[in-house]
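FYI, the numbering just counts along the sequence from 1. In listed order, ligands and their atoms are each counted from 1.
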Amino acid sequence: MMNIKAENLSKNYKKKNSPDVEVLKNIQIEIPSGLKIALTGPSGVGKSTLIHILGLMDRPTSGKVYIDDIDCFSENDKYLCDMRKKNIGFVFQFHYLMPDFNVLENILIPVWDDKNAKFEQAQDILKKVGLLNRQNHFPNELSGGEQQRAALARALINDPKIIFADEPTGNLDRTAGLEIEKLLFTNAQEAGSTLILVTHNEYLAAKADKIIKMTND
Ligand SMILES: Nc1ncnc2c1ncn2[C@@H]1O[C@H](COP(=O)(O)OP(=O)(O)OP(=O)(O)O)[C@@H](O)[C@H]1O
Ligand SMILES: [Mg+2]
């Protein structure tokens with residue numbers, strides 16, 4: 001079980017000689033374990049900021065995030081890092097694969113200390129995303145859609161109980177993008193994991209258990 005709860009979450013970006021950018025203001029969210037959420041809203045509203053905080057990659061200016069009743073940001077960075085490693089998968093809008101590592105190695109990066117034990121699982125995941133035959137290729141030898149699928153595979157290697165995906169369709173065409181998002185849904189369904197997907201795809205948003213719409217007011 002991995003229930004997520006955010007209380008009074010605010011985030012301001014500060015920069016010297018510039019006014020603060022007030023992005024999130026007193027956000028309240030409860031995401032019960034296993035729920036599939038579609039997160040939507042206009043560009044700049046704070047979707048990425050919000051999921052970076054919920055995914056423990058960035059600290060809020062104020063407010064709390066509880067995962068299974070633990071107040072995560074009252075803990076130190078090592079706790080946050082361990083929590084991410086153990087329980088959280090993240091798919092970015094642009095894949096951020098390592099160019100000098102082949103597909104298989106890229107997927108093993110989050111579990112590098114344990115990579116030999118994870119080898120078979122990596123192959124299973126590659127099969128699931130349809131990239132088994134490309135495991136020895138480097139990212140620049142893959143199409144955009146294949147790169148996104150590799151990034152998705154990398155997010156699944158630690159069997160995350162919570163998966164965040166930030167418009168994981170990158171700049172793919174509609175069909176390739178839909179394919180990636182469908183894979184995310186199917187995987188969350190099968191694994192019983194929580195999915196928080198930033199998407200503009202109405203078809204998929206409609207398939208989510210809940211839609212969270214962020215607005216600019
Ligand atoms: N490091 C930063 N410093 C200052 N402002 C920032 C920083 N990161 C993000 N912002 C601002 O915070 C606001 C929210 O950004 P965010 O990336 O969360 O939006 P978004 O909803 O994900 O948008 P998009 O749909 O375009 O990805 C934007 O106005 C952005 O310019
Ligand atoms: Mg964004």
- Item | Intermediate values then yes/no, salt bridge (charged side-chain N to carboxylate O under 4.0 Å, His left out), Lys11 and Asp58 | CA-CA 10 Å; Lys11 178 75 176 177; Asp58 192 13; 3.3 Å; yes

- Message: Using side-chain heavy atoms (C-beta onward) and a distance below 4.5 Å, is Ile107 in contact with Leu131?
- Response: no

- From the list Asn102, Val103, Asn106, side chain to side chain contact (heavy atoms under 4.5 Å, CB included) partner of Phe138 resolves to Asn102

- Message: Among Asn216, Leu39, Thr40, exactly one meets side chain to side chain contact (heavy atoms under 4.5 Å, CB included) together with Val45. Which residue is that?
- Response: Asn216

- Task: Within a distance under 4.0 Å of any heavy atom of Thr49, pick out the atoms of ligand 1 and give their elements.
- Result: 14 (C), 15 (O), 16 (P), 18 (O)

- Under 4.0 Å from any heavy atom of Glu167, which atoms of ligand 1 are there? 25 (O), 27 (O)

What is the nearest protein non-hydrogen atom to [atom], stated with its residue, atom name and distance?
atom	result
atom 25 (O) of ligand 1	Lys47 NZ, 2.7 Å
atom 4 (C) of ligand 1	Tyr13 CB, 3.3 Å
atom 13 (C) of ligand 1	Gly44 O, 3.5 Å

- What do the steps show when you test Asp82 against Lys86 for salt bridge (charged side-chain N to carboxylate O under 4.0 Å, His left out), and what is the final call? CA-CA 6 Å; Asp82 288 346; Lys86 229 178 117 193; over 6 Å; no

- Item | Candidate with minimal heavy-atom separation from atom 12 (O) of ligand 1, of Asp20, Val23, Leu50 | Val23

- Task: Just go through Ser48, Pro42, Ser18, Ser43 and tell me whose heavy atom is the nearest to atom 26 (O) of ligand 1.
- Result: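 The nearest heavy atom belongs to Ser43.
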
- Task: Check whether any protein heavy atom sits under 4.0 Å from atom 7 (C) of ligand 1.
- Result: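 When distances to the protein are checked, atom 7 (C) of ligand 1 has a heavy atom within 4.0 Å.
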
- For atom 20 (P) of ligand 1, state whether the nearest protein heavy atom is under 4.0 Å away. yes

- Assess whether atom CD of Gln189 is packed by more than 12 heavy atoms of other residues, nucleotides or ligands within 6.0 Å.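 Not more than 12 within 6.0 Å, no.
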
- Looking at ligand 1, does Gly46 have a heavy atom less than 4.0 Å from it?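 Yes, Gly46 has a heavy atom closer than 4.0 Å to ligand 1.
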
- Query: Does ligand 1 have any atom that is closer than 4.0 Å to a heavy atom of His52?
  - Reply: no

- Message: For a ring-ring contact (aromatic ring centres under 6.0 Å, His included) check, start with the C-alpha distance between Phe92 and Phe90, then their side-chain angles and the critical distance, and finish with the verdict.
- Response: CA-CA 6 Å; Phe92 299 91; Phe90 217 103; 4.9 Å; yes

- Message: Is it the case that ligand 1 has an N or O less than 3.5 angstrom from some N or O of Val21?
- Response: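 No, since none of the N or O atoms of Val21 sits under 3.5 Å from an N or O of ligand 1.
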
- Message: Run Asp68 and Lys5 through salt bridge (charged side-chain N to carboxylate O under 4.0 Å, His left out) and show every step you take.
- Response: CA-CA 8 Å; Asp68 280 350; Lys5 191 168 137 196; over 6 Å; no

- Item | Between Gln147 and His95, a side-chain donor and acceptor under 3.5 Å |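 Present: a donor and an acceptor within the cut-off.
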
- Tell me whether Ser48 has at least one N, O or S atom under 2.8 Å from the Mg ion (ligand 2). yes

